[in-house]
Amino acid sequence: MKVLVPIKRVVDKDVKVRPKADETGVELANVKMSINPFDENAVEEAVRLKEKGIATEVVVVSVGPDKARDTLVSALAVGADRAILVDSGDAEVQPLAIAKLLKAVADKEQPQLVIFGRQAIDDDAVQTGQIFAALQGWGQAAFASISKVDVASGKATVGREIDGGLETLELSLPAVITADLRLNEPRYAKLPDVMKAKKKPQETTTPAALGIDITPRLKTLKVSEPPKRKGGGKVADVAELVSKLKNEAKVI
Amino acid sequence: MSTYNAPLQDMRFVLNEIAGLKDVLALPDFAEVDADTVDAILEEAAKFATNVIDPLNPKGDKNGPHWKDGVVTVIPEYKDAYKQFCENGWHSMPVDPQYGGQGLPHLVNIAVNEMWRSASIAFALCPMLTSGAIASIWHHASEELKAKYLPKMADGTWSGTMNLTEPQAGSDLTAIRSKAVPRGDGTYAVSGTKIFITWGEHDMAENIIHLVLARLPDAPAGLKGISLFLVPKFLVNDDGSLGARNDLICSALEHKLGIHGSATSVMSYGDKGGAIGWLIGDAGKGVAYMFTMMNHARINVGLEGVGVSERAYQHALAYARERIQGPIIGDKDSITTPKPILFHPDVRRLLIDMKSRTEALRAVAYFTAGHMDKAQHSPDAAVRKQSQAYVELLTPLVKGWSTESSIEITSEGIQVHGGTGFIEETGAAQYLRDARITAIYEGTTAIQANDYVGRKTAREKDEAGNVGFTARTLYKEIAAFADNLAKDAKLADIGRDLKEATQALIDVTEWVIKIYVAEPQVAHAGSVPYLKLGGIVVGGWLLAKSALIAQKRLDAGEAEGYYKAKLATAHYYAQHWLVQGRGLAKEIIEGGQSILALDEPLF
């Protein structure tokens with residue numbers, strides 16, 4: 001069984017993001033970039049499936065600039081077998097376009113399982129995995145915190161976190177899982193594997209070669225700092241609070 | 001508590017711009033390693049240092065190894081981290097590929113090693129001692145011993161130690177009394193007491209391979225009578241499995257000022273008739289063989305100074321950004337909108353002092369490591385020779401100056417915290433306590449200074465008999481750079497300070513060379529300040545070079561805060577440290593006699 005893991009290069013989780021001065025987006029110049037943390041869980045899960053003998057090959061794929069190759073190599077260092085870069089240059093690629101690109105890749109690769117991170121920490125869209133599943137017409141289990149895959153019966157059992165607790169789903173393969181942080185604890189890469197990672201097979205394609213139009217359908221008007229928190233005040237009693245909520249905040 | 005973040009940006013800058021990583025990677029022996037891979041290694045090591053080793057540091061400080069009846073146990077967190085460290089291949093990183101290592105350049109190892117030392121000196125000591133022992137075995141032992149011991153030492157399954165010191169033999173190894181008597185089967189019965197043995201006993205590795213200096217029965221007195229023996233804790237069967245326990249025991253652990261997380265052991269060999277040992281190389285060459293690992297160890301201890309300084313700086317900075325205490329002078333807004341203590345002028349002085357000095361120490365250490373690679377791997381004999389000469393000259397600086405500086409820098413870290421810095425829970429005090437040993441072990445600062453003034457300067461000669469050739473060559477190179485910089489439109493002030501300090505160093509060097517033979521005591525009385533002067537000048541030179549590059553990048557329109565910071569630290573360093581050059585020169589040249597003036601009975 002082949003597992004496909006889409007990963008995204010994002011601003012490192014420890015970097016404090018700032019909007020660009022012209023408010024057209026987030027400042028990315030000279031900012032440390034890393035693999036999206038949820039995608040690390042996705043890669044880890046795929047690698048564990050391979051170690052258990054359930055998966056035969058783990059293929060990581062990223063849509064992004066040439067620099068995203070580093071992110072793919074970091075996934076190769078923790079056990080992925082092969083990497084595909086869909087080089088989109090500096091173009092903005094939105095979730096729908098990414099899902100279409102991944103569909104094109106999946107049509108070629110024919111994975112039985114695609115494991116996404118539940119969301120990317122840069123735009124927090126939480127869409128790509130779901131759109132991809134819909135495009136494929138596959139079952140999906142988002143926000144997985146427990147997974148069990150049985151190839152022989154062609155089923156995956158997935159525990160996912162919902163508001164009230166844990167929901168357990170059974171999916172027929174091929175299927176889509178999106179990984180939550182609690183799914184597993186990603187490993188540290190071993191030094192010899194870091195050194196060998198670049199030598200693993202890597203291929204590059206482009207949106208044009210895959211025949212996908214990535215023109216954004218949504219337009220970002222402005223990215224700005226959240227308003228600074230204004231100082232609070234103390235109220236004397238409940239009556240004053242209710243009055244303020246009614247007359248000043250106008251929320252009741 | 002703060003979290004360690006490897007200063008990857010400064011590390012990369014120093015590796016690439018100051019230490020010549022590109023040239024090192026271009027050496028034929030490193031054809032397998034490219035810049036991207038080095039980058040990936042640094043990233044992974046940084047993660048491991050931050051998440052696995054750094055959290056151990058205060059734990060090991062409070063709960064160090066525990067001794068009972070000769071058995072030493074560490075806290076479970078230490079054991080887990082050691083296992084992970086080995087499994088992830090970090091332990092074998094510096095080892096020869098033939099024995100399971102990665103064959104990476106020293107220059108890459110040094111950056112990674114700095115991270116381990118920042119995260120925890122005490123923990124990092126165990127792999128450091130093992131890699132030193134590996135180096136001695138690899139260079140001098142028979143193929144048989146190498147094949148039997150190196151692979152398992154390389155991956156950390158077995159650890160290693162170096163046993164030099166005895167109660168009566170500290171800096172003076174000629175006083176060593178431990179004995180080795182031939183047992184008639186090619187092995188030796190080793191007996192004696194060794195003290196201050198770092199990680200001499202513990203339960204993280206399956207076996208411990210001790211390298212022990214001892215005398216053969218017919219050995220002459222002095223250093224030439226000392227041989228090196230390999231003495232394993234458990235004897236090793238021919239199939240590599242562990243056999244009987246050898247006749248050696250850890251009879252106590254020391255109670256120390258710092259590095260509480262490491263097991264500093266008293267080792268008793270041969271209480272029951274003799275520990276079985278194997279001679280390494282030739283008899284009588286033990287001290288020379290030990291120095292194979294000693295030079296490595298000195299660079300690595302110097303790196304402890306760099307690492308602990310960086311860590312103390314990060315800790316102090318985090319506190320200074322958080323702690324609010326009083327309005328800032330000259331800033332009225334800070335009365336109504338309080339600002340953290342980072343804005344107080346003297347806290348800023350402390351922090352920039354810590355930062356700029358740490359950067360200077362790092363630059364000198366990495367610069368030396370770059371030359372270590374060229375000295376060992378350059379295909380050009382002239383380059384090898386020149387680089388080796390630089391390594392020899394700079395090693396006492398890296399060891400002596402970095403560690404002495406680290407004591408001051410970690411102390412400044414406490415000062416930033418004020419009263420809470422004196423309280424152990426704050427964590428700032430540990431860095432000072434841990435730093436204190438670095439200026440003592442593997443050769444005290446005086447030993448480094450004696451080496452620097454004597455063997456490396458006044459007694460060093462090239463083939464033509466020119467005394468102090470290497471020192472003079474390097475200082476001339478620095479002076480030429482300073483001359484040019486003094487004409488730079490933007491950095492002339494740094495250039496002038498560097499020029500003056502370098503001239504002071506050159507003056508002292510000429511004076512030292514002149515008086516060394518007739519008045520060696522006077523030369524040695526000033527050797528520690530001379531070492532300091534050397535460190536300040538070489539460090540100031542490399543920071544000035546950094547500033548020049550940073551200025552070029554800024555002029556080219558790179559709006560990188562890092563470059564602005566580098567300019568600021570280089571300026572600070574010139575105006576606060578390079579300016580001390582003249583005073584130090586006066587102290588050394590004119591002050592030596594005053595040290596010796598107080599006669600012994602008058603003390």
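Reminder, nothing fancy here: chain letters follow the sequence lines and each chain counts from 1.
Closest heavy-atom contact between Asp36(B) and Lys198(A): OD2-NZ, 3.4 Å. Minimum heavy-atom separation, Pro192(A) to Gly89(B): CD-CA, 4.1 Å.
Asp193(A) CG to Asn88(B) CG: the interatomic distance, rounded to the nearest 0.5 Å, is 9.0 Å. For the atom pair CD (Gln102(B)) and CE (Met195(A)), the distance works out to 5.0 Å, reported to the nearest 0.5 Å.
Remark: Asp22(A) CG is packed, more than 12 non-hydrogen atoms of other residues, nucleotides or ligands lying under 6.0 Å away. Other residues, nucleotides and ligands contribute over 12 non-hydrogen atoms within 6.0 Å of the NZ atom of Lys20(A). Counting heavy atoms of neighbouring residues, nucleotides and ligands inside a 6.0 Å radius, atom CD of Glu322(B) does not exceed 12 of them. For Glu185(A), the CD atom is loosely surrounded, since the number of other residues' heavy atoms within 6.0 Å does not exceed 12.
For Asn51(B), the parts lying under 4.5 angstrom from a heavy atom of chain A are both the backbone and the side chain. For Gln84(B), the part sitting under 4.5 Å from any heavy atom of chain A is the side chain, from C-beta outward, and nothing else.
Side-chain atoms of Glu32(B) and Lys199(A), non-hydrogen and from C-beta on, do get closer than 4.5 Å to each other. Side-chain contact between Leu191(A) and Glu44(B): absent, with no pair of heavy atoms (C-beta onward) separated by less than 4.5 Å. Between Lys32(A) and Glu43(B) there is a side-chain heavy-atom pair separated by less than 4.5 Å.
The candidate from Leu8(B), Leu104(B), Val38(B), Val112(B) with the greatest count of non-hydrogen atom pairs under 4.5 Å with chain A is Leu104(B).
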